[in-house]
Every structure is written in structure tokens, then in C-alpha cells.
Amino acid sequence: MKTIKLPNRYGLSILLEHIKDNDWKLKIPPKNPYRIIGDNDNIRAVDPPGGPFIAVGDKIENKIVVNISNDGLLITLKDEFDN
């Protein structure tokens, strides 16, 4: 299974794990609170402890964040060059 290791200033292992198609699961170590920014029907960003702050429109490894689930843990990435 493909994973993307994200930078974290606290040294935590923050990962995106590929689920299927364009869907990725944000993996945060247990007992580490994280912030969700937005309304229930319009989540705009998620912020794990120590980062990285992930917002709709951000780029991660040549992919663009196009959606974040209500719990902040399912992130949809689209290839940067797809229309």
C-alpha cells in the first residue's frame, strides 16, 4: 500500500495512506488531537499536531487536495495535471 510521509515539527509519524482511487487516509498517532477547520458540510482544512496544516487547494507530491471528510481523516487528492 502506498504511503506519503508528511513533515512534522514534533517528530510524529504523520502519513497519508492510499485507500483507493483518489482517496487517502490521514494517519495520526493515537491520542494526538487535531483541528478540523470549516463547517460540517464544508471542511476546508485539517491540522495535525506539529503539522502539516492541510487545506483544500494545497499540493502534496504533485497532487492537489480537493476534499477533506467531516472527520478530517479522509483526504481526496487529484493529480495536479488532471482536469
Side-chain angles (χ1 to χ4, degrees):
M1 183 169 295
K2 182 173 179 175
T3 60
I4 298 172
K5 183 166 177 49
L6 300 173
N8 182 272
R9 67 181 172 274
Y10 298 157
L12 298 174
S13 179
I14 307 293
L15 305 171
L16 284 176
E17 184 178 272
H18 186 247
I19 297 173
K20 67 175 180 141
D21 301 326
N22 294 327
D23 293 334
W24 295 74
K25 179 81 171 175
L26 180 62
K27 306 288 274 192
I28 301 170
K31 298 184 181 178
N32 283 282
Y34 60 96
R35 293 187 312 145
I36 299 171
I37 295 91
D39 299 321
N40 278 341
D41 296 330
N42 187 24
I43 302 302
R44 304 305 301 157
V46 62
D47 190 16
F53 184 90
I54 302 167
V56 172
D58 285 351
K59 289 184 188 176
I60 299 174
E61 287 197 359
N62 295 320
K63 297 179 184 301
I64 298 173
V65 176
V66 294
N67 190 53
I68 300 172
S69 67
N70 285 351
D71 66 1
L73 298 177
L74 182 65
I75 297 178
T76 304
L77 300 177
K78 178 180 162 186
D79 287 331
E80 183 176 6
F81 301 107
D82 284 352
N83 290 326

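These values consider heavy atoms only, across backbone and side chains, with no hydrogens, waters or symmetry-generated copies. Note that the coordinates shown come from a computational prediction; the quantities given were computed from them, not determined experimentally.
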Asker: Just to verify, what does Thr3 make a side-chain hydrogen bond (donor to acceptor under 3.5 Å, both in side chains) with, not counting sequence neighbours?
Answerer: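 Here no residue qualifies.
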
Asker: Group every Ile, Leu, Val, Met, Phe, Trp and Tyr by side-chain heavy-atom contacts under 4.5 Å, then state whether Ile4 and Tyr34 land in the same group.
Answerer: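 Yes, Ile4 and Tyr34 fall within the same hydrophobic cluster.
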
Asker: Looking at every non-hydrogen atom in both residues, tell me the closest pair between Leu12 and Pro29 and how far apart they are.
Answerer: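 Looking at all heavy atoms of both residues, the shortest contact is CB-CG, 4.3 Å.
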
Asker: Drop me the distance from Ile75's CD1 to Ile54's CD1, to the nearest 0.5 angstrom.
Answerer: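 Taking CD1 in Ile75 and CD1 in Ile54, the distance rounds to 4.0 Å.
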
Asker: Distance from Leu26 atom CG to Leu6 atom CG, nearest 0.5 Å?
Answerer: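 Leu26 atom CG to Leu6 atom CG measures 7.0 Å (nearest 0.5 Å).
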
Asker: Report yes or no: do Leu15 and Trp24 belong to one cluster of Ile/Leu/Val/Met/Phe/Trp/Tyr joined by side chain heavy-atom distances under 4.5 Å?
Answerer: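 In one cluster: no.
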
Asker: Sequence neighbours excluded and cut-off under 3.5 Å, please list the side-chain donor-acceptor pairs for residues 37-45, or say none.
Answerer:
unit_1: Asn42; atom_1: OD1; unit_2: Arg44; atom_2: NH1; d: 3.3

Asker: Name the atoms and distances for all side-chain donor-acceptor pairs under 3.5 Å in residues 55-67, with sequence neighbours left out.
Answerer:
unit_1: Asp58; atom_1: OD2; unit_2: Ala55; atom_2: N; d: 2.8
unit_1: Lys59; atom_1: NZ; unit_2: Glu80; atom_2: OE2; d: 2.6
unit_1: Lys63; atom_1: NZ; unit_2: Asp79; atom_2: OD1; d: 2.6

Asker: CG of Leu77 to CG of Asp21: how many Å apart, nearest 0.5 Å?
Answerer: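 Output value for this atom pair is 12.0 Å.
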
Asker: Kindly determine whether Thr76 and Asp23 satisfy side chain to side chain contact (heavy atoms under 4.5 Å, CB included), including the steps that lead there.
Answerer: CA-CA 5 Å; Thr76 304; Asp23 293 334; 3.2 Å; yes

Asker: Of the non-hydrogen atoms in Gly51 and Ile14, which two are nearest, and what is the gap between them?
Answerer: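 Scanning both residues completely, I find the closest heavy atoms to be O-CG1, 3.9 Å.
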
Asker: Taking salt bridge (Lys or Arg N to Asp or Glu O under 4.0 Å) as the test, write out the residues that go with Asp47, two or more places apart.
Answerer: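 Salt bridge (Lys or Arg N to Asp or Glu O under 4.0 Å) check on Asp47 returns Arg35.
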
Asker: Under the side chain to side chain donor-acceptor pair (under 3.5 Å) rule, what pairs show up with a residue in residues 6-19, not counting sequence neighbours?
Answerer: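 Listed once each, the pairs would be none.
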
Asker: For residues Ile28 and Pro48, report the shortest heavy-atom separation together with the two atoms involved.
Answerer: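 Shortest heavy-atom separation between Ile28 and Pro48 comes out as CD1-CB, 4.0 Å.
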
Asker: Given a cutoff of under 4.5 Å between side-chain heavy atoms of I, L, V, M, F, W and Y, with clusters grown through shared members, what are the other residues clustered with Leu74?
Answerer: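 Under the 4.5 Å side-chain rule, Leu74 groups with Ile19.
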
